[in-house]
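Since the structure comes first, as structure tokens, the remarks are kept for the end.
Lettering of chains follows the sequences in order, A, B, ..., and the numbering in each one begins at 1. When reading the values below, keep in mind they use all heavy atoms of this one structure, side chains included, and skip hydrogens, waters and symmetry mates.
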Amino acid sequence: MRLLSLEITDFRGFHGSHKVEFAADDVKRVTVFHGENGAGKTNLLNAIHWCVTGLFTPRFQDKQILVNKEAFKDGRRECAVELVFKQEPESGGEIYRVRRVASNERTLSFDVFKIKRGNSELVPRGESLVRMLFPPGLISWFFFDAEAIGSLELSGSSEFKRDLRKTLGFELVDTLLVDLEKVQSKRQREIATQTKDTALQDLQTQIEGIERVLPGQKGTLLNLDKQFGDLTKGLTAVRAQLEKQPQTEQLERARKKLEVQIPKLEADKKLLGARAAKLIGSSAAPIVLLELTRLLEGKLDEQEVKGKLPSPYSDQLVKDILEQKVCICGRPVNEGSAEAHKVHELMKFASTGALNQRINGVRLLIRDIERQAQEFPIQVQEVRTRIVEIDSELGQAEEDLKEVKREIDAIDVAAIRVLERESDRLDSERMKVQSLRGALEAQVASNEKRHVDLKLQYINLQKRLAVNQRLKQEWDKTTRLIEYIKKSSEAQEHQALLILSQELNTVLQKYLTKHYQAKIDVKTYAVQLLDTDGRKVGHSTGEGQVLKFAFIATVVAMAAKKTQQKIQWLSEPTIAPLVLDAPFSALDPEYQGSVAKNLATQTTQLVLMISSAAWGDKVSDALKQSVGKRYLIVSNESGPRDGKPIKTLVLNGTKHTLNRYDAQITESVFEDITNA
Amino acid sequence: MTNVNGKKASTTKSFLEEIFDEIESETFGELDPKDQILENLAREILLLERDMTVPGTQTSDASRVERLTKFIESKDF
């Protein structure tokens, strides 16, 4: 089946009626919707999903607000989604129109029309027909919210196994086996009644007791598994949203830190200013003194040059001459002689050690004044440099504080609180469900074991009793048939999983540059990627993400392809388009091109909802030949731009605007750019 | 499991194909006569179940059990 067109009226972000057409021929089979986050890609996916099933994808939020808010303000209380699709020629080629109308509270109508020669003819029990065309077990694979691909569980949860089993077509044989067990139980009751053996009757009553409660328990367990899965997906989505929100606590912490830092810097600046003033004050004296001391030293030098300071004669030299009575020139200096008198006279000018010490002291003082006079400017400069640095730090801190305050003001605290409450609620519900599930699992296991034991006891006892031949024969026939179907079903299941593995590995070979292999566990259905050495490759790695895309594509291809003919008991093949919301952004850029190309070739029709960030050259090139329809989902904002960004997308050299401001109303609109 | 020249990959592929062929070879003709009868019955009863559970039909659980009982009764095996 292929989608032909979709009409959305007052649904979520879409105000009024909007119609889009899908590329539906064999060559041009890809339709691309380009839109930024929040433009309405997930709403579009859910419009299709909801129209067909009445349900939404797990990540879809505020399910109770379906009617467009602006339309609601205008008094309109209904929204509608209408999908037109065509069956494959081999299935009759019929064209159907499916229309679902709802208020915020409930679905108001769901109608299916067959379109014959342009006229619509209401299909009785249309819901059944749609369920047949879009099997509920398959729908989540066909209309896939790829942004949640990270939460796709390939590790073999019971919910995953159940869904995949349904997808592979084992639902019918499972139902048959349940019904045949009832036939067998009915026969056992007849035998117990016929033999009138109270022990056998008692055993059968116990068996029937377990058979009455066990399906309910299993059903509840499956529901709990589903609830647990949905709650986990919901919780992951809410937590991801919370992570994207500005972190109030962090901002508050940053604000407080800056508010402490700024006064501290101001105080430091003040202190340094005072220190600089003090240094300047202290440096005045040495600088002035330096000039005077330089004059003094000049005088000292002058005296020294003139031979006066210190005296050319030391007092010790004069004393030695007088004592030895010989001059240093060799002439005698006798007591009372004119020479002796003259030498005695020299004593007046002779220098003493004390004088020399004083002169040296003065010189040291001059050096000290000189040193201080030189050091003070350096110290003052250092302090001034630090003041400049503090000024800069202060300016930065004040700017940061302004920014943090602006961010704090911009935070929608109420929205964050709502998300936090939702996260707490989901977490708490998830824990409750997990606990209930654990308890119920134990009960189911215990009842199953008891059921097997009781049946064995029944068979053993029955063998010893005189049982009516016809009844015994009918019971035996039923038992043999059940055993055969179980055995065959197991073989079919193994075969189906082998084919799935083969298909998956064929797809992976096309997607991955590395020689990795996927393996599916027959018991748990867990899908594991193995590297060239047989080591497990994590699901969160780039290759692990590719495995998830490959798996979806394989399931969709398997649901449609003739490989099903090899598995004789499976239900009819389902051919449906693959509708993916926000694909590729989860993938490493190296894999985006190959995944895009192979998705387009593996499916009969591909609808992609994609942001400009995920639309790279590789994706563009890979899909170039197969894109038949292309739309923009433009966000119109009624508020002013206020410096907010205008987002654009360049396609084939043409720049397209993805959001506008100052619009009449806030809404999402489609723009057909197929021929642009 | 696989190396660059694909030698081991082909081994894996052969292994899968082997199993696949093995299962494929279990065709109807190769089943023993008792299993052939059971296989025919299984296919028939599966079709009956499909007709009773196809979307749009209103067959109750009790009614399905009744019809399956009668079906088995009607067959001699």
Subject >> Residue part contacting chain B, namely of A:K514, when any heavy atom lies under 4.5 Å >> reply: neither
Original post:
Is it the side chain or the backbone of A:R535 that comes within 4.5 Å of chain B heavy atoms, both, or neither?
Top reply: neither
How long is the span from the [atom1] atom in [X] to the [atom2] atom in [Y], to the nearest 0.5 Å?
X: A:T478; Y: B:I72; atom1: OG1; atom2: CD1; result: 4.0 Å
X: B:L46; Y: A:L172; atom1: CG; atom2: CG; result: 4.5 Å
X: A:I485; Y: B:R43; atom1: CD1; atom2: CZ; result: 12.0 Å
X: B:T69; Y: A:K182; atom1: OG1; atom2: NZ; result: 11.5 Å
X: A:Q473; Y: B:E73; atom1: CD; atom2: CD; result: 10.5 Å

Original post:
Side chains of B:L68 and A:L176: closer than 4.5 Å at any heavy-atom pair?
Top reply: yes
Original post:
Has A:K455 got more than 12 heavy atoms of other residues, nucleotides or ligands less than 6.0 Å from its NZ?
Top reply: yes
Original post:
Can you name the residues that form a side-chain contact (heavy atoms from CB on, under 4.5 Å) with B:T59, not counting sequence neighbours?
Top reply: B:M52, B:T57, B:S63, B:R64
Subject >> Partners passing side-chain contact (heavy atoms from CB on, under 4.5 Å) against A:D174 (at least two apart in sequence or in another chain) >> reply: A:R165, A:F170
Original post:
Using non-hydrogen atoms only, which part of B:L47 is less than 4.5 Å away from chain A: side chain, backbone, both, or neither?
Top reply: neither
**OP:** Just do the side chain to side chain contact (heavy atoms under 4.5 Å, CB included) check on B:L41 and A:R480 with the steps written out, would you?
**Re:** CA-CA 11 Å; B:L41 284 166; A:R480 278 188 290 124; over 6 Å; no
Subject >> Side chain B:K75, main chain A:K477, donor-acceptor under 3.5 Å >> reply: no
Original post:
Which heavy-atom pair separates A:D179 from B:V65 by the least distance, and what is that distance?
Top reply: O-CG2, 4.1 Å
